[in-house]
Protein chains: 2
Amino acid sequence: MARAATTADVFNAIAEPQRRRILTLLAGGEQSVNDIARSLRLKQPQASKHLGVLKAVGLVNVRGVGRSRLYTMNARKLKPVHDWVRAFEKLWADRLDRLDEYLNELQSGEIRDEPTN
Amino acid sequence: MARAATTADVFNAIAEPQRRRILTLLAGGEQSVNDIARSLRLKQPQASKHLGVLKAVGLVNVRGVGRSRLYTMNARKLKPVHDWVRAFEKLWADRLDRLDEYLNELQSGEIRDEPTN
DNA sequence: AAGTTATATCCCCATATCGGAATATTTCAA
DNA sequence: TTGAAATATTCCGATATGGGGATATAACTT
């Protein structure tokens with residue numbers, strides 16, 4: 001088997017940085033393909049393709065108006081991701097775990113000045 | 001350019017279902033490769049490979065004990081994902097948006113009995 | 001030293017990617 | 001009808017994937 005298609009699920013769809021940028025932009029409201037492409041400095045075909053992937057997994061909805069296609073975000077589809085990640089939140093929330101992680105990183109010698117993220 | 005490497009960042013690393021299963025398992029505590037492989041019914045090499053990816057993005061830490069290698073989760077690395085997704089939470093949290101989404105789906109004719117997720 | 005257990009690594013391969021570039025399609029305008 | 005504007009689609013190519021299978025490496029045991 002090869003890597004799962006980007007359209008396989010939301011997790012794969014949002015693995016792409018450009019697509020995350022598109023979603024962030026759309027969170028601000030409906031946008032046409034050209035608007036998106038210009039805002040994010042993407043070429044029109046790439047914008048269309050990324051939107052196609054997002055549409056395939058249901059993260060966006062389209063509405064045709066004249067010759068424009070207006071895309072809207074369907075944020076709800078991110079809920080599974082939110083739920084999955086949130087389950088781990090407690091593991092980094094308290095101080096004991098931060099100390100623990102700090103020690104781990106110290107030990108693996110990967111302490112630089114990078115954000116802990 | 002091709003698709004970004006799975007080791008490019010956490011978003012790509014967790015796009016793989018098996019790797020998410022591994023993380024979920026590790027959230028319960030330290031586990032050896034064999035334990036993980038057996039628990040998740042993976043073959044040892046695949047388990048090692050997936051752990052390699054998770055290690056590469058810092059989602060897990062390793063500790064060698066005898067001939068075993070014990071993996072621990074480093075949940076903190078999920079924070080960027082959590083933060084990114086959480087920013088959209090308000091978009092699906094209130095009822096108005098649910099109604100809006102419902103209408104959108106109705107209009108695109110994709111209403112079946114699938115979970116809204 | 002020889003055998004065994006626990007992991008990691010290597011090779012193979014079918015598959016999908018993402019960007020670029022060109023072109024097709026749809027819709028409005030003159 | 002002809003042209004232009006807005007999108008979508010197609011073909012290309014380099015690249016990494018993930019599972020299978022075999023094997024290498026490391027560490028403990030007797």
Side-chain angles (χ1 to χ4, degrees), chain A residues 1-23 25-26 30-73 108, chain B residues 1-23 25-26 29-57 59-73 108:
Chain A
M1 199 185 293
R3 192 169 178 181
T6 53
T7 55
D9 54 49
V10 175
F11 282 93
N12 279 281
I14 66 172
E16 235 286 330
Q18 309 286 17
R19 282 194 288 268
R20 288 200 299 280
R21 298 211 300 146
I22 291 178
L23 291 177
L25 179 61
L26 287 182
E30 210 176 34
Q31 297 266 347
S32 75
V33 178
N34 259 343
D35 288 346
I36 296 171
R38 249 182 306 110
S39 289
L40 304 183
R41 305 199 155 197
L42 298 175
K43 306 200 170 163
Q44 179 269 316
Q46 328 300 332
S48 269
K49 287 180 201 170
H50 283 312
L51 286 165
V53 174
L54 295 174
K55 180 81 182 73
V57 298
L59 275 168
V60 297
N61 290 111
V62 208
R63 176 170 78 100
V65 169
R67 42 190 157 187
S68 300
R69 314 209 75 204
L70 302 181
Y71 283 84
T72 335
M73 179 167 193
S108 33
Chain B
M1 198 185 294
R3 192 170 179 179
T6 53
T7 55
D9 55 48
V10 175
F11 282 92
N12 279 281
I14 67 171
E16 234 286 329
Q18 308 287 15
R19 283 193 288 268
R20 287 200 299 279
R21 297 210 302 147
I22 291 178
L23 290 177
L25 178 61
L26 287 181
E30 210 176 34
Q31 298 266 345
S32 74
V33 178
N34 260 342
D35 288 347
I36 296 170
R38 249 182 306 109
S39 288
L40 304 183
R41 306 198 154 197
L42 298 175
K43 305 198 172 167
Q44 178 270 317
Q46 329 299 335
S48 268
K49 287 181 204 170
H50 283 311
L51 286 165
V53 173
L54 294 174
K55 180 82 182 71
V57 297
L59 275 168
V60 298
N61 290 111
V62 207
R63 177 170 77 100
V65 170
R67 45 191 156 184
S68 302
R69 313 210 74 204
L70 303 181
Y71 283 83
T72 333
M73 179 169 194
S108 32

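Proteins get letters first, then strands, A, B, ... in listed order; numbering begins at 1 in each.
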Whole-Å distance between [N] [atom2] and [X] [atom1]?
X      : N       : atom1 : atom2 : result
K49(B) : dC12(C) : NZ    : P     : 13 Å
E16(B) : dA16(D) : CD    : P     : 17 Å
K55(A) : dT7(D)  : NZ    : C1'   : 15 Å
Q31(A) : dA6(D)  : CD    : P     : 14 Å
R20(A) : dC18(C) : CZ    : P     : 12 Å
R63(B) : dT7(C)  : CZ    : P     : 13 Å
I14(B) : dT17(D) : CD1   : C1'   : 17 Å
L51(B) : dA8(C)  : CG    : C1'   : 11 Å

If you apply the rule side-chain contact (heavy atoms from CB on, under 4.5 Å), what do you find for L26(A) with Y71(A), and how did you get there?
CA-CA 7 Å; L26(A) 287 182; Y71(A) 283 84; 4.0 Å; yes
Approximate separation, where rounding is to 0.5 Å, of [X] [atom1] and [Y] [atom2]:
X      : Y      : atom1 : atom2 : value
R69(B) : N34(B) : CZ    : CG    : 13.5 Å
Q31(B) : L25(B) : CD    : CG    : 4.5 Å
F11(A) : R20(B) : CZ    : CZ    : 4.0 Å
K55(A) : N61(A) : NZ    : CG    : 5.5 Å
Q18(A) : I22(A) : CD    : CD1   : 7.5 Å

Phosphate OP1/OP2 of [N]: any [X] side-chain N/O under 4.0 Å:
X      : N      : result
R69(A) : dA6(D) : no
Y71(B) : dA6(C) : no
S68(B) : dT7(C) : yes

Starting at the 5' end of DNA chain D and moving along, which residue's nearest nucleotide shows up first, A4(A) or A2(B)?
A2(B)
Within a strict 4.5 Å, meaning less than it, do heavy atoms of the V57(A) and D9(A) side chains meet?
no
Strand contacts (DNA chain C) in residues 32-46 of chain A, 4.0 angstrom heavy-atom criterion
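Contacting residues: K43(A), P45(A), Q46(A).
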Taking the basic N atoms (NZ, or NE/NH1/NH2) and the acidic carboxylate oxygens, is any pair closer than 4.0 Å for E30(A) and R63(A)?
yes
Sequence-aligned protein contact record of nucleotides 25-30 of chain C, with B where the base is within under 4.0 Å of a protein heavy atom and S where only the sugar-phosphate is:
--BBS-
Between N12(A) and R3(B), do the side chains contain a donor N or O and an acceptor N or O under 3.5 Å apart?
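Yes.
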For A5(A) and for Q18(A), find the nucleotide of DNA chain C with the closest heavy atom, then tell me which residue's nucleotide is more 5'.
A5(A)
Would you tabulate the side-chain donor-acceptor contacts of residues 36-49 of chain A under 3.5 Å, counting partners in other chains and residues two or more places apart, or write 'none'?
unit_1	atom_1	unit_2	atom_2	d
R38(A)	NH2	D35(A)	OD1	3.0
S39(A)	OG	D35(A)	O	3.1
Q44(A)	NE2	S48(A)	OG	3.2

Among the nucleotides dG18(D), dT15(D), dG19(C), which one has an atom lying closest to any side-chain atom of R19(B)?
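Selected nucleotide: dG18(D).
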Just call it for S48(A): base, sugar-phosphate, or nothing, with non-hydrogen atoms closer than 4.0 Å on any strand.
base
